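Bear in mind that the values here come from a model prediction, so they are computed numbers and not experimental data.
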Amino acid sequence: MMEKSQLEQALTRLDDAARYLDLDADVLEKLKYPRETTKMRLMVRMDDGSRKSFMAWRCRYDDTRGPTKGGIRFHPQASMDEVETLAFWMTFKCAVMNLPYGGGKGAVQVDPHLLSKAELERLSRAYMQAFANIVGPDRDIPAPDVYTNAMIMGWMADEYASIVGRNSPAVITGKPIALGGSLGRDDATARGGFYLVRHLEKELGVAPGSTVAIQGFGNAGTHMARLMADVGYKVVAVSDSRATLYCADGLDVDAVLEAKAANRLTGLAGSNGVEALPPDYIVSVPCDILVPAAMEDLINESNADEVKARVVVELANGPVTPEADAILFRKNIVVLPDILANAGGVTVSYYEWVQNRQGFYWTVGEIHQRLKTNMEVEGRAIWELAKDKNISVRSAAYVHALGRLAEAIEAHGTQQYFAS
């Protein structure tokens, strides 16, 4: 039996959600396939004068509810299947948050750590040159993702402006503040998950003093550690690709953040009760809340039984496989799913796009308050739906999103969407 692709696995979520709605068959047919995936070969001049090629993709999965939205990742294992899967998740994430977007995603198959800054800039500009006809403020709006950042988005926005002959900041979000970026974008993914947990504390059975373990100590993971610690949660474990740091009495988050910034995280082991353990130990850490904040498929069929947390907060995309989901549900472990829990990033990206288009910019306090309200409104609706139908929070999130997508698809009618 052939192993399912990433997209085929993701589509099981769609089929599961469809069981709880009375849908026209056209809706499912439309959402089972990407609307448009473009593959390009980028040729980049290297510092030694040679030219090197890199495979790149951009997928616009569905644009029923508005222009497509999604990050661009630079990663050596990037693939078209991964890009289409991430674009599918973005479609549902935007619908969950009621943003006027569809889902998109992009990638370049490259290890950016092997490039000089000049080579990285040439690669970023080459990507925009190749996909300038795909993206646009009213068509497809990229953002940062794995191994991309505000600097790279700034280069891409600048390149797009050169191509179209005018400044167009709304073409990309996650830009530097000086180029029209939004305040509050740096910690938006973690902050959205943080607001969701705080809003549902009573229902989840957690509160300040509860223990937290965080897998993946990059941007989202580090900000989540700080936010949770600041309100009194006890961070007992963090992990990166090299090790898990664990302390049953709680880690000194300030010290951990300093060590991470200095690239010496494991240097904290051996003092103050801190242990350095294998990276995969993070899954089985005794804690109240486990926060996967890195790559896909962390919790799978082989290790789901080892999870000791009562709550899993998915700051990463797709960190729990469908098989593991079923195991966690049977164990009464609540999973706050990626399409809700990490939606703070795309929500603040939406705020950036709105600010770019109107030429008026909000304070960081206004950004935080808007995000808090958005997360609480959609989180509450999904939680109540899960309780009402006796389904997992993930299933409820997909039902919630699919209802909005179906309404939009049916409102458009079939002529526009099935003639091409």
Crowding at [atom1], [X] (>12 non-hydrogen neighbours, <6.0 Å):
| X | atom1 | answer |
| --- | --- | --- |
| Glu301 | CD | no |
| Asn272 | CG | no |
| Lys39 | NZ | no |
| Lys308 | NZ | yes |
| Glu407 | CD | no |
| Tyr147 | OH | no |

Nearest 0.5 angstrom please: [X] [atom1] to [Y] [atom2], how far?
| X | Y | atom1 | atom2 | answer |
| --- | --- | --- | --- | --- |
| Leu196 | Leu340 | CG | CG | 4.5 Å |
| Lys32 | Glu8 | NZ | CD | 11.0 Å |
| Ser284 | Asp305 | OG | CG | 12.0 Å |
| Glu306 | Tyr281 | CD | OH | 10.5 Å |
| Met80 | Trp57 | CE | CH2 | 8.5 Å |
| Asp15 | Leu28 | CG | CG | 7.0 Å |

Side chains of [X] and [Y], heavy atoms from C-beta outward: is any pair under 4.5 Å?
| X | Y | result |
| --- | --- | --- |
| Met228 | Ile289 | yes |
| Leu371 | Val348 | yes |
| Glu203 | Leu200 | yes |
| Met153 | Met156 | yes |
| Asn300 | Glu323 | no |
| Leu23 | Leu402 | yes |
| Met90 | Leu86 | no |
| Glu296 | Pro319 | no |

Pair [X] + [Y]: basic N to acidic O under 4.0 Å:
| X | Y | value |
| --- | --- | --- |
| Asp230 | Arg226 | yes |
| Arg139 | Glu36 | yes |
| Glu376 | Arg198 | no |
| Asp249 | Lys234 | no |
| Arg122 | Asp47 | yes |
| Arg191 | Asp186 | no |
| Arg125 | Glu121 | yes |
| Arg35 | Asp63 | yes |

Between [X] and [Y] (side chain of the first, backbone of the second, donor and acceptor by atom type, cut-off under 3.5 Å), is there such a pair?
| X | Y | value |
| --- | --- | --- |
| Thr91 | Ala87 | yes |
| Ser162 | Asp158 | yes |
| Lys30 | Ile409 | no |
| Gln355 | Tyr351 | yes |
| Asn303 | Leu298 | yes |
| Gln358 | Phe360 | yes |
| Asp240 | Ala243 | yes |

Which pair of non-hydrogen atoms, one from [X] and one from [Y], has the smallest distance, and what is that distance?
| X | Y | value |
| --- | --- | --- |
| Pro169 | Lys175 | O-NZ, 2.9 Å |
| Tyr160 | Pro137 | OH-CD, 3.8 Å |
| Ala157 | Ile172 | N-CD1, 3.9 Å |
| Val346 | Cys94 | CG2-SG, 4.0 Å |
| Gln6 | Asp81 | N-OD2, 2.8 Å |

Do the side-chain N and O atoms of [X] and [Y] include a donor-acceptor pair separated by under 3.5 angstrom?
| X | Y | result |
| --- | --- | --- |
| Gln215 | Ser239 | no |
| Asp62 | Thr64 | yes |
| Asp140 | Thr68 | yes |
| Arg310 | Asn332 | no |
| Thr173 | Lys69 | yes |
| Gln109 | His75 | no |
| Thr211 | Asp288 | yes |
| Arg73 | Thr148 | no |

Which residue is it: [options]? I am looking for the one with a side-chain contact (heavy atoms from CB on, under 4.5 Å) to [X].
| X | options | result |
| --- | --- | --- |
| Tyr127 | Leu42, Ile152, Val44 | Leu42 |
| Leu251 | Val238, Leu268, Val236, Leu257 | Val238 |
| His368 | Asp187, Thr363, Leu183 | Asp187 |

query: In terms of ring plane angle, is the pair Tyr398 and Phe92 parallel, tilted or perpendicular, where the classes change at 30° and 60°?
result: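 Because their plane-to-plane angle lies in the 30° to 60° range, the rings of Tyr398 and Phe92 count as tilted.
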Verdict with reasoning, Asn342 to Thr189, per side chain to side chain donor-acceptor pair (under 3.5 Å): CA-CA 5 Å; Asn342 73 24; Thr189 299; over 6 Å; no
field: Verdict with supporting geometry, Tyr195 and Asn374, side chain to side chain donor-acceptor pair (under 3.5 Å)
entry: CA-CA 10 Å; Tyr195 285 149; Asn374 271 73; over 6 Å; no
message: Pair Glu378, Arg404 - check salt bridge (Lys or Arg N to Asp or Glu O under 4.0 Å), show working.
response: CA-CA 12 Å; Glu378 303 305 336; Arg404 285 173 171 162; 3.2 Å; yes
- prompt: Ring centroid separation for Trp353 and Tyr101, is it under 6.0 angstrom?
  reply: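 Trp353 vs Tyr101: aromatic centres under 6.0 Å.
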message: Using the ring centroid of each side chain, check whether Phe194 and His223 are separated by less than 6.0 Å.
response: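 Not close enough - the centres of the two rings lie 6.0 Å or further apart.
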task: Determine, step by step, whether Ser349 and Arg185 satisfy the side chain to side chain donor-acceptor pair (under 3.5 Å) criterion, reporting the C-alpha distance in whole Å, the side-chain angles of both residues, the deciding distance to 0.1 Å, and the verdict.
output: CA-CA 7 Å; Ser349 277; Arg185 182 62 183 86; 3.1 Å; yes
